[in-house]
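Contents: one structure, followed by commentary.
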Amino acid sequence: MEGNLPQQSCHPATTAVDRDDIIIPVIDFGPFLNGTPADKHAVAVSIVEAFKTSGFLYLKEHGLPPSVVSRVFGSSARFFARPQDQKDSLCWTTPQANRGYVKTGQEKLSNVDDPTAPEVLRATPDLKETMEIGRDNLDDQPNRWPDQIDDEGKDFREVMTSFFNMCKSLHTEVMRAIALGMNLPEHYFDSYVDAGDNNLRLLHYPAVSKEVFRKNPSQVRAGEHSDYGSITLLFQDRRGGLQVHSPKDTYVDVTPIADTVVVNAGDLLARWSNDLIKSTRHRVVEPPTPIGEEDNSDMYPDRYSIAYFCNPNNNKLIEAIPGTYGDDIKEAKYPAIVTGDYLVQRLTATY
C-alpha cells in the first residue's frame, strides 16, 4: 500500500438514487481525466465508495461523445432489424469465443448459478436478443461480423470496432481510479487489462404484449443476475427498466440519465477485492410509464441498451489484491483463478 495521499479538493459525486438503503451517485469523471492529483484522488475515492456500498454508479463527463453513442445505438437497431436468417447466420458458437448473435430465449440469466432458486425462475428465458463482440485480433476466435452481407454490415463493423476501442480506454481509466481509491499505485491494474479481453454486447428487448407479464409474474426481460467480470459500462436508451436489488430485498429503478454511463462492479472484481467491493444483482423488467404520460397501449415498446463487459486479461491469475486481507480480515476468501477459466465456467452455465 502507498502512504499518505492528498486531501480531497472537490466533491465529484451527487446522489441520483437513494431508496431502500441503496445509494447510487452520479460521479463527474472529468476531474479524474483532466484535474489535479487531488481532484483525481477525490473522484477515485468516490468511485470506490460507491462500489463498496451499492456496487453501482452513474459516470458523467466520461469522454465518450454523445454523437458517438447515438451512432452506435442507431447501428445496433439496424442490425437487429435485419431478417432473422441473416442474424442466425452469425450465431453465437462457444463460451470460449463468446462472439456472435444470440436469439431471443437462448439466454437464461435468472439465478442460473443458484440451485436453490425456484425452478420457474431458473427456467424462464429472457425476452431479449443480443450481439456479442470481442476484441478483433484473435484468429482462432473471430467476431461474427455482417460485413460480408452488405455495405451496411461493413459500416456496422467499423462503428463497433471503433466503439470497442473507446470503451477499452475508458475501462483502463476507471481501473486506474479504482486503484487510487484502494490506495494502490494508479497503474496497478494496467498490465491486467491491456489486452482488452472484453465483450461489447448489443441488446434489443423486442416490443412485447403486456399480457405476457400478466400471465407469468416471473417473466422479465432479463433475469436477476450479477455480472461476471471486473466492471460493466452500460449505456441505456430512455425507456428504462433496469433495476438493482436492494438490502431490503426490493428492486430499485436505475432510471436513465442522459449522457451518463452506468458503471457496476462484477463478480470477478468482488472476488479480486476479497469482497471489499460489491457485485450487486440486477435485472431488466417491463419499463415504467414516464412521469406525466398516459399509457394506453397493450404493448411495451422496444428497448435497446449497450453493455461493455470489462475483464482482466484472459491469461491473468486473479487472487486477492494486496491490502484486502490481514488485520481484521485474516485471509483471502477465494482461491486464485485464471480469468479465462472463470469466465468460461460462468458462460457455460448461462447458455
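Count residues from 1 along the sequence. Just so it is clear, the model here is predicted, and its values are computed rather than measured.
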>> Angle between ring planes, Phe80 versus Tyr101, binned at 30° and 60°: parallel, tilted or perpendicular?
In response: tilted
> Can you name the residues that form a side-chain contact (heavy atoms from CB on, under 4.5 Å) with Ser297, not counting sequence neighbours?
Replying inline: Asp295, Met299
> Would Leu184 end up clustered with Ile318 when hydrophobic side chains under 4.5 Å apart are linked, directly or stepwise?
Replying inline: yes
> Hey, mind stepping through Asp237 and Arg239 against salt bridge (charged side-chain N to carboxylate O under 4.0 Å, His left out) and telling me if it holds?
Replying inline: CA-CA 6 Å; Asp237 70 7; Arg239 296 294 184 190; 5.0 Å; no
> Please walk me through it: do Gln236 and Tyr304 pass side chain to side chain contact (heavy atoms under 4.5 Å, CB included)?
Replying inline: CA-CA 7 Å; Gln236 303 190 78; Tyr304 295 88; over 6 Å; no
>> Tell me the closest heavy-atom pair linking Arg271 and Pro335, and the distance in Å.
In response: NH2-O, 2.8 Å
> Can Glu186 and Lys40 be said to form a salt bridge (charged side-chain N to carboxylate O under 4.0 Å, His left out), step by step?
Replying inline: CA-CA 10 Å; Glu186 179 178 346; Lys40 295 183 72 165; 2.8 Å; yes
> Could you walk me through whether Leu343 and Asn314 pass the side chain to side chain contact (heavy atoms under 4.5 Å, CB included) check?
Replying inline: CA-CA 9 Å; Leu343 294 175; Asn314 278 335; 4.1 Å; yes
> Does Val252 share a hydrophobic cluster with Leu234, counting links as ILVMFWY side-chain heavy atoms below 4.5 Å and allowing steps through other members?
Replying inline: yes
>> Under a 3.5 Å threshold, yes or no: a donor from one side chain and an acceptor from the other, between Asn311 and Ser230?
In response: no
>> Let's go through Ile306 and Arg201 carefully: what are the C-alpha distance in whole Å and the side-chain angles of both, what is the deciding distance for side chain to side chain contact (heavy atoms under 4.5 Å, CB included) to 0.1 Å, and is it a yes or a no?
In response: CA-CA 6 Å; Ile306 300 162; Arg201 168 179 283 193; over 6 Å; no
>> Show the nearest heavy-atom pair for residues Pro322 and Tyr188, with the distance to one decimal.
In response: CD-OH, 3.1 Å
> Applying ring-ring contact (aromatic ring centres under 6.0 Å, His included), which residue pairs with at least one partner in residues 42-61 are found, sequence neighbours left out?
Replying inline: Phe56-His282
> Considering residues at least two apart in sequence or located in another chain, which fulfil the salt bridge (charged side-chain N to carboxylate O under 4.0 Å, His left out) criterion with Asp20?
Replying inline: none
> Quick one: side-chain contact (heavy atoms from CB on, under 4.5 Å) partners of Ala177, sequence neighbours excluded?
Replying inline: Phe29, Phe32, Ala44, Ile47
> Under the ring-ring contact (aromatic ring centres under 6.0 Å, His included) test, which residues partner Phe189, sequence neighbours left out?
Replying inline: Trp272
>> Under the rule for salt bridge (charged side-chain N to carboxylate O under 4.0 Å, His left out), what residues qualify as partners of Arg135, not counting sequence neighbours?
In response: Asp197
> Shortest non-hydrogen contact from Ala265 to Ile277?
Replying inline: CB-CG2, 3.5 Å
>> As a quick check of understanding, evaluate salt bridge (charged side-chain N to carboxylate O under 4.0 Å, His left out) for Lys87 and Glu129, giving each step before the final call.
In response: CA-CA 10 Å; Lys87 293 184 290 186; Glu129 56 180 344; 3.0 Å; yes
>> Can a donor-acceptor pair be found, under 3.5 Å and without considering hydrogens, that links the side chain of Ser209 to the backbone of Glu211?
In response: yes
> Under the side chain to side chain contact (heavy atoms under 4.5 Å, CB included) criterion, do Met131 and Trp145 qualify, and how do the steps go?
Replying inline: CA-CA 10 Å; Met131 182 61 170; Trp145 297 116; 5.6 Å; no
>> Can you list everything that forms a salt bridge (charged side-chain N to carboxylate O under 4.0 Å, His left out) with Arg78? Sequence neighbours excluded, please.
In response: none
> Is the centre of the Tyr308 ring less than 6.0 Å from the centre of the Phe163 ring?
Replying inline: no
> Is there a donor-acceptor pair under 3.5 Å between the side chain of Asp28 and the backbone N or O of Gly30?
Replying inline: yes
>> I'd like to know whether Tyr228 forms a side-chain hydrogen bond (donor to acceptor under 3.5 Å, both in side chains) with Gln345, so could you lay out the CA-CA distance, the side-chain angles of the two residues, the decisive distance to 0.1 Å, and finally the verdict.
In response: CA-CA 10 Å; Tyr228 305 158; Gln345 288 175 15; over 6 Å; no
> Got a second to check how far Asn198's CG is from Leu233's CG, nearest 0.5 Å?
Replying inline: 8.5 Å
>> Looking only at the side chains, is there a donor atom on one of Asp267 and Ser226 sitting less than 3.5 Å from an acceptor on the other?
In response: yes
> Of all residues at least two apart in sequence or in a different chain, which pass the side-chain contact (heavy atoms from CB on, under 4.5 Å) check with Pro25?
Replying inline: Ala13, Ile27, Ala50, Leu57
> For the side chain of Ser76 and the backbone of Val72, is there at least one donor-acceptor N/O pair under 3.5 Å apart?
Replying inline: no
>> Enumerate the salt bridge (charged side-chain N to carboxylate O under 4.0 Å, His left out) contacts for residues 170-184, please, sequence neighbours excluded, ordered by first and then second residue.
In response: Glu173-Arg176, Arg176-Asp190
Counting only pairs under 3.5 Å, give me each side-chain donor-acceptor contact of residues 241-248, with atom names and distances, residues two or more places apart or in other chains.
{"residue": "Gln243", "atom": "OE1", "partner": "Arg283", "partner atom": "NE", "Å": "2.9"}
{"residue": "Gln243", "atom": "OE1", "partner": "Arg283", "partner atom": "NH2", "Å": "2.9"}
{"residue": "Gln243", "atom": "NE2", "partner": "Asp253", "partner atom": "OD1", "Å": "3.0"}
{"residue": "His245", "atom": "ND1", "partner": "Arg281", "partner atom": "NH2", "Å": "3.4"}
{"residue": "His245", "atom": "NE2", "partner": "Asp249", "partner atom": "OD1", "Å": "2.6"}
{"residue": "Ser246", "atom": "OG", "partner": "Lys248", "partner atom": "N", "Å": "3.1"}
{"residue": "Ser246", "atom": "OG", "partner": "Thr250", "partner atom": "N", "Å": "3.2"}
{"residue": "Ser246", "atom": "OG", "partner": "Thr250", "partner atom": "O", "Å": "3.4"}
{"residue": "Ser246", "atom": "OG", "partner": "Thr250", "partner atom": "OG1", "Å": "2.6"}

>> Assess the residue pair Arg82 and Asp150 against the criterion (salt bridge (charged side-chain N to carboxylate O under 4.0 Å, His left out)); give the C-alpha distance rounded to whole Å, side-chain angles, the decisive distance to 0.1 Å, and a yes or no.
In response: CA-CA 11 Å; Arg82 286 179 176 273; Asp150 51 29; 2.8 Å; yes
> Does Thr130 reach the side chain of His204, with side-chain heavy atoms less than 4.5 Å apart?
Replying inline: no
> Are a donor atom and an acceptor atom from the side chains of Asp275 and Tyr334 found within less than 3.5 Å of each other?
Replying inline: yes
> With Lys154, which residues qualify under salt bridge (charged side-chain N to carboxylate O under 4.0 Å, His left out), at least two apart?
Replying inline: Asp151
>> How long is the straight-line distance from CG of Asp140 back to CD of Gln96, given to the nearest 0.5 Å?
In response: 10.5 Å
> Taking the six-membered ring for Trp, are Phe73 and Phe235 ring centroids under 6.0 Å apart?
Replying inline: no
> Residues two or more places apart in sequence or in another chain: which of them pass side-chain contact (heavy atoms from CB on, under 4.5 Å) with Val193?
Replying inline: His171, Thr172, Met175
> Would Thr36 and Asp39 count as having a side-chain donor-acceptor pair, cut-off 3.5 Å?
Replying inline: yes
>> Looking only at side-chain N and O atoms, does Tyr251 offer a donor or acceptor that is under 3.5 Å from a partner on Glu224?
In response: yes
> Hey, is CG on Asp139 packed in by over 12 heavy atoms from elsewhere, all under 6.0 Å?
Replying inline: no
> Side-chain donor-acceptor pair under 3.5 Å between Glu286 and Tyr205, yes or no?
Replying inline: no
>> Looking at every non-hydrogen atom in both residues, tell me the closest pair between Pro312 and Leu268 and how far apart they are.
In response: CD-CD2, 3.7 Å
> Can you check whether Pro146 reaches Arg157 side chain to side chain, under 4.5 Å on heavy atoms?
Replying inline: no
